[in-house]
Amino acid sequence: MNERLEDIASAMVAAGKGILAADESTSTIKKRFDNINLVSTEESRRDYRELLFSAKDAMTNYISGVILYDETLRQKAKDGTPLAQMIKAAGAVPGIKVDKGAVDLPGFPGEKITEGLDGLAARLKEYHDLGARFAKWRAVIDMADGLPTWGAVKANSQALARYAALCQQAGIVPIVEPEVLMDGPVATHDAARCHEVTHWVLKTVFDDLYDARVNLEGIVLKPNMVVAGKNCKTQASPEEVAERTLKVLKATVPGAVPGIAFLSGGQSDELATHHLSLMNMQALPWKLTFSYGRALQAACLKAWGGKAENLAAGQRAFTHRARMNGLACLGKYTPAHEKAA
Ligand code: 13P
């Protein structure tokens, strides 16, 4: 089979569809399950992911790809079908989180570096054999007084570039995710400061991707939107978020990149959808879509509550958010759509 990276990347950003980030690590999904008083076991994690991937309307019409965690890529549904196979059968691409998380960066108090490069080539080969055709690596950039530093921005950017090159060598499309946090430890910055830092980070990342000889037509960028910090008194309007985000992306992301899939980062479900739709109301050099975790799953988790009898309610909640975001990819969503549904 000779699959081109460019074709996989295009499928991931197909019109009206986006990516479901269901790659919570075991410790992160435990936090989500704690909120609904559900014990996190291999089986409950499997049941939850199976609920998502068997939501047929959502998966076939609005989801282009799913990011999985290592455990999930190896799990089977109750009837024995591998979960990755269910995703493929729905017409979506299975993907895999390959970073090993962010740890303190020595010498840079308050800043992190993402680990996972050692041995990555061998892991990517195995993931490809297991059916994954794209991967994700998340770098986190925190903003506080005097942060981020150039040292931390550069170290994270170079790691992203090395990861991306390794993925492409393995026939896997890298999702390149430099996340400027809106909910870091301080998070009192305004949108103007987020604008400045996001510009700096993306400019650095594309310089490093070039230096690492990464084929830009075979990547998907996963950035934050330009928003004020969670604890900032002055929040930007949806129009300001859309305008600032597009300004930064146009200044830093070459048109060779097929698509940009935003993270939700702690935005409310509806705002994450509204912002995306506003940006898609104009002609752009790349596809703009979603790669949401929390903003696609929060309502579903709540409706399901870990109870078998609520499975259909959970799927309805997930399908609703997927459909709203699918509309947003086409610039056709307005908050009034929430009520109509
Ligand atoms: P959120 O949309 O919840 O930020 O998660 C997306 C993701 O994959 C973060 O790495």
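Heads up: numbering here begins at 1 and tracks the sequence. Remember, it's 1-based here, ligands and their atoms both numbered in the order they're listed.
The cluster map of Ile, Leu, Val, Met, Phe, Trp and Tyr, joined by side-chain heavy atoms under 4.5 Å apart, puts Trp286 and Leu202 in the same cluster. Tracing side-chain contacts under 4.5 Å through hydrophobic residues (I, L, V, M, F, W, Y), one reaches Ile96 starting from Leu20; they form part of the same cluster.
For the pair Ser291 and ligand 1, a heavy-atom separation below 4.0 Å is found. Put simply, no part of Lys97 is less than 4.0 Å from ligand 1, judged by heavy atoms.
Nearest to atom 5 (O) of ligand 1 among the protein's heavy atoms is Gly293 N, 3.6 Å. The protein non-hydrogen atom at the shortest distance from atom 4 (O) of ligand 1 is Gly265 N, 2.7 Å. Nearest protein heavy-atom neighbour of atom 9 (C) of ligand 1: Glu177 OE2, 3.3 Å. Given atom 2 (O) of ligand 1, the protein heavy atom at minimum distance is Ser264 OG, 2.5 Å.
Considering only non-hydrogen atoms, atom 10 (O) of ligand 1 lies nearest to Lys136 out of Glu24, Glu179, Lys136. Nearest-heavy-atom check against atom 6 (C) of ligand 1 across Arg294, Lys222, Arg138, Arg32 picks out Lys222.
Using modelled atom types, one finds a donor on one side chain and an acceptor on the other under 3.5 Å when comparing Lys222 with Ser291.
A 4.5 Å side-chain heavy-atom check between Leu327 and Ser277 finds every atom pair outside the cut-off. Looking at Tyr163 and Pro174, their side chains come closer than 4.5 Å, going by heavy atoms from C-beta outward.
With ligand atoms numbered from 1 in the order given, ligand 1 contributes 2 (O) to contacts under 4.0 Å with heavy atoms of Tyr292. Against a heavy-atom cut-off of under 4.0 Å, Ala21 is close to the following atoms of ligand 1: 6 (C), 8 (O).
The local environment of CG in Asp145 is sparse, with at most 12 non-hydrogen atoms from other residues, nucleotides or ligands closer than 6.0 Å.
Listed here is the closest heavy atom pair of Glu338 and Tyr333: OE2-OH, 2.6 Å.
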